Structures are given as structure tokens and as C-alpha cells.
Amino acid sequence: TEDTTIADLVALRAGTVFLSPQWYLGANAPLPEIRNLPELSTPLYQDVINQLAYLRAAGIRPALSPTVGALTGLTSDWWDTAPRDTAWWDAFFLQYANFLFTYADIAQQNGVEELVIARADMLQAMPGLPGTPADIETRWRVLVRNIRLRYAGKLVVEFPLSDGFPGVPQFFDEIDEVLIRTSGPLTAGTNSPEDMKNAAGALLDEKLAGLRALGKPIFLAPAYASLGGADAGCPRDAMGSCLTVSSILPGTTLALGMAPDFDAQTRAYKALLLAAAERAAEH
């Protein structure tokens with residue numbers, strides 16, 4: 001229940017909690033669909049407001065991080081098989097703006113201090129990625145400025161720290177904070193804690209140099225599963241195949257049948273956080 005979840009968060013001394021109401025990516029051709037589906041798991045408008053109030057009453061600072069995901073199949077496949085011509089991008093940004101305006105209004109009316117306007121699953125709509133139009137920077141800049149007309153808080157973008165990490169988009173000069181999601185390999189399985197910390201540091205140095213140059217606050221959101229192989233960037237099933245973090249979230253069919261390995265998860269988080277702390281102290 002909500003009350004039980006909030007009690008757990010209070011016990012963990014959570015300072016800020018990001019609520020992630022989800023809308024769904026429906027058809028992707030000839031034009032894209034972004035759908036509000038309360039019959040699945042899209043929360044009603046009032047439900048989101050109630051959750052924000054519950055968190056605040058418990059002494060937790062709420063933030064909003066609305067997300068979109070494929071209605072069926074993988075979100076990456078939805079993007080890969082879309083036509084993404086000019087008409088497609090026109091429709092996408094129109095619908096995506098409507099989605100964000102919904103939560104920008106909730107955030108403004110309920111004193112929410114941070115709003116994530118692009119989650120990691122939106123990477124393929126970022127400047128520098130294949131399939132984006134020549135005016136993609138302008139499209140994002142217009143969207144950011146329209147959100148600013150409705151919402152006075154901080155705007156945040158979440159980026160995955162991965163091989164597909166593009167150059168820093170120019171429109172980030174109008175973003176307040178960057179949230180980096182990482183689940184990249186930190187070990188080959190036998191590395192010492194010091195080796196893992198150094199590997200984490202190298203990962204941060206290689207990928208974040210451009211973002212650091214912006215002078216914006218950067219926050220890390222590690223996503224390492226409690227499974228063997230997670231610290232090597234490959235949480236494994238019983239057959240040794242790599243799994244995505246989203247496929248093994250608590251409560252999923254796959255997660256229910258797997259034995260956890262908290263040691264692998266702990267090693268990864270410790271290495272990444274120690275490396276991040278060293279670099280924070282340098283700046």
C-alpha cells in the first residue's frame with residue numbers, strides 16, 4: 001500500500017523521492033502515439049497529487065519523473081522500427097509536450113521542486129542520435145521554454161551512462177540538473193574494491209567530461225541489480241544470459257524465480273559512490 005511504502009522510505013531516511021507516473025507508447029507508425037491509460041498503470045491526476053501530499057507529510061521531498069514506455073514489447077524496438085520522418089517528429093513532440101505539460105501543471109500547483117522532462121528511455125530522441133531531424137535541438141529548446149511558462153521549478157534530464165551516450169546537447173544550457181543513470185561494467189569478476197573504484201572513476205571521467213563543463217549539478221542514479229554479474233554490467237539468469245534491469249524489477253515474473261546476489265550489487269554501488277565522492281571533492 002502507499003502508506004507502507006512511505007513508511008519504508010522514511011525508515012530508509014530518504015530525503016527526496018521521484019514519483020514516476022507512466023504513460024504508454026502505442027502505435028509507432030505511420031505516426032506515434034503516447035497514451036494515458038489509467039486502465040493499466042497510469043495514475044489518475046488526483047492520485048498523483050495525493051501521493052505528493054503523503055510524501056511531504058512524511059517529511060520526504062517529492063519530485064516528479066514522468067515516464068513513457070512501450071505498451072507491448074521493448075521500448076528500444078518501438079524506436080528502432082518507427083519511420084521518424086518530419087511528420088512523425090511533429091506528432092511526437094506535440095504528444096510528448098502534452099504529456100509533460102500535464103505533470104508540469106501538477107508540479108507547479110503542488111510545490112514540487114524538480115521535474116524530470118526526459119528519462120533515459122528518451123535517449124533516441126536526443127540530439128546526436130541516428131534518426132533525429134536536423135532541427136532536433138530547436139525542438140527541445142522550444143519544449144523547454146514552453147514548460148518554463150507553466151513551471152517555475154528545476155528542470156532535470158536523465159541520461160544513461162552507456163556506449164550510446166552522445167555529445168552534450170546544446171539545449172542543456174537551459175536545463176538545471178542532469179541525472180545520470182548507470183549500470184555499466186565495473187569489474188571482470190575478480191577485481192579488488194580498489195580496482196573497481198578506479199574502473200568507476202574511469203567510466204565517470206570518460207563519459208561526464210562534457211557535462212561537467214556545463215557547470216550544472218550532476219546526480220548519479222546507479223541501477224545495479226542484486227544478481228550475480230550485475231557489477232560486471234551483466235546481471236545473469238540461470239543460463240548465464242544478460243538481463244535488463246527493467247526485466248527484473250521487484251514483482252516481475254522473472255524476478256520472482258531468481259536468487260538474489262546482494263554482494264555483487266553492494267560492490268558496484270560502493271565503487272561508483274566512492275569514485276563519485278572523490279570527484280565531487282575535486283570540484
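If you're wondering where the values come from, they're calculated on a predicted model, not measured in any experiment.
Counting only heavy atoms from C-beta outward, the side chains of Phe99 and Asn36 never approach each other to under 4.5 Å. Counting only heavy atoms from C-beta outward, the side chains of Val156 and Val178 never approach each other to under 4.5 Å. Side-chain atoms of Leu37 and Leu71, non-hydrogen and from C-beta on, do get closer than 4.5 Å to each other. The shortest side-chain heavy-atom distance between Pro21 and Leu64 falls under the 4.5 Å cut-off. Residues Phe18 and Pro62 form no side-chain contact, since every pair of their non-hydrogen atoms from C-beta on lies 4.5 Å or further apart. A 4.5 Å side-chain heavy-atom check between Asn146 and Arg141 finds every atom pair outside the cut-off. With a 4.5 Å cut-off on side-chain heavy atoms, Leu143 and Leu100 count as touching.
Phe92 and Trp79 have their aromatic ring centers within a separation under 6.0 angstrom. Taking the six-membered ring where the residue is Trp, the centroids of Tyr96 and Phe93 are separated by 6.0 Å or more.
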Legend entry - salt bridge (Lys or Arg N to Asp or Glu O under 4.0 Å) between Asp205 and Arg212, intermediate numbers included: CA-CA 9 Å; Asp205 290 339; Arg212 281 189 185 145; 3.5 Å; yes
Inset, instruction - In sequence, state the C-alpha distance, the side-chain angles, and the governing distance for Arg181 and Asp121, and then conclude on salt bridge (Lys or Arg N to Asp or Glu O under 4.0 Å). - result: CA-CA 11 Å; Arg181 181 168 295 277; Asp121 283 342; over 6 Å; no
Inset, instruction - Could you walk me through whether Glu113 and Arg61 pass salt bridge (Lys or Arg N to Asp or Glu O under 4.0 Å), step by step? - result: CA-CA 8 Å; Glu113 297 175 24; Arg61 189 168 68 94; 3.1 Å; yes
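Judged by distance alone, the side chains of Asp263 and Thr266 never bring a donor and an acceptor atom under 3.5 Å apart. Side-chain contact of Tyr103 with Ser65: a donor-acceptor pair under 3.5 Å is absent, judged by distance alone. Checking Asp105 against Gln109 by side-chain atom types alone, no donor-acceptor pair falls below 3.5 Å.
For the pair Glu137 (side chain) and Phe171 (backbone), a donor-acceptor distance under 3.5 Å is present. Remark: the backbone N or O of Ala27 is paired with a side-chain donor or acceptor of Glu33 at under 3.5 angstrom. For Asp85 (side chain) and Trp88 (main-chain N/O), a donor-acceptor pair under 3.5 Å exists by modelled atom type. A side-chain donor-acceptor contact under 3.5 Å links Thr75 to the backbone of Ala70.
Criterion: ILVMFWY side-chain heavy atoms under 4.5 Å apart, direct or through other members. Under it, Leu44 and Ile49 are not part of a common hydrophobic cluster. Taking hydrophobic clusters as Ile, Leu, Val, Met, Phe, Trp and Tyr residues chained together by side-chain heavy-atom distances below 4.5 Å, Leu19 shares a cluster with Ile117. The hydrophobic cluster containing Phe159 also contains Ile175, counting ILVMFWY residues as joined when their side-chain heavy atoms lie under 4.5 angstrom apart, directly or transitively. Under the 4.5 Å side-chain contact rule for hydrophobic residues, Val116 and Phe219 share a cluster.
Counting non-hydrogen atoms of neighbouring residues, nucleotides and ligands closer than 6.0 angstrom, the NZ atom of Lys216 exceeds 12 such neighbours.
Salt-bridge formation is detected for the pair Glu278/Lys197: a Lys NZ or Arg NE/NH1/NH2 atom is positioned less than 4.0 Å from an Asp or Glu carboxylate oxygen. Using a 4.0 Å cut-off between charged side-chain N and carboxylate O, Arg148 and Asp176 make a salt bridge. Between Arg145 and Glu174 a salt bridge is recorded (basic side-chain N to carboxylate O distance below 4.0 Å).
Asp80 is linked by a salt bridge (charged side-chain N to carboxylate O under 4.0 Å, His left out) to nothing, counting only residues two or more places apart in sequence or in another chain.
When the options Met122, Gln95, Gln22, Arg119 are evaluated for a side-chain contact (heavy atoms from CB on, under 4.5 Å) with Val68, the one that passes is Met122.
Annotation: cation-pi geometry satisfied between Arg150 and Phe101 (NZ/CZ under 6.0 angstrom from ring centroid, within 45° of ring axis).
Atom CG of Leu129 is separated from atom CE of Met126 by 9.0 Å, given to the nearest 0.5 angstrom. Here the CG-CD1 distance, from Asn98 to Ile34, works out to 8.5 Å after rounding to the nearest 0.5 Å.
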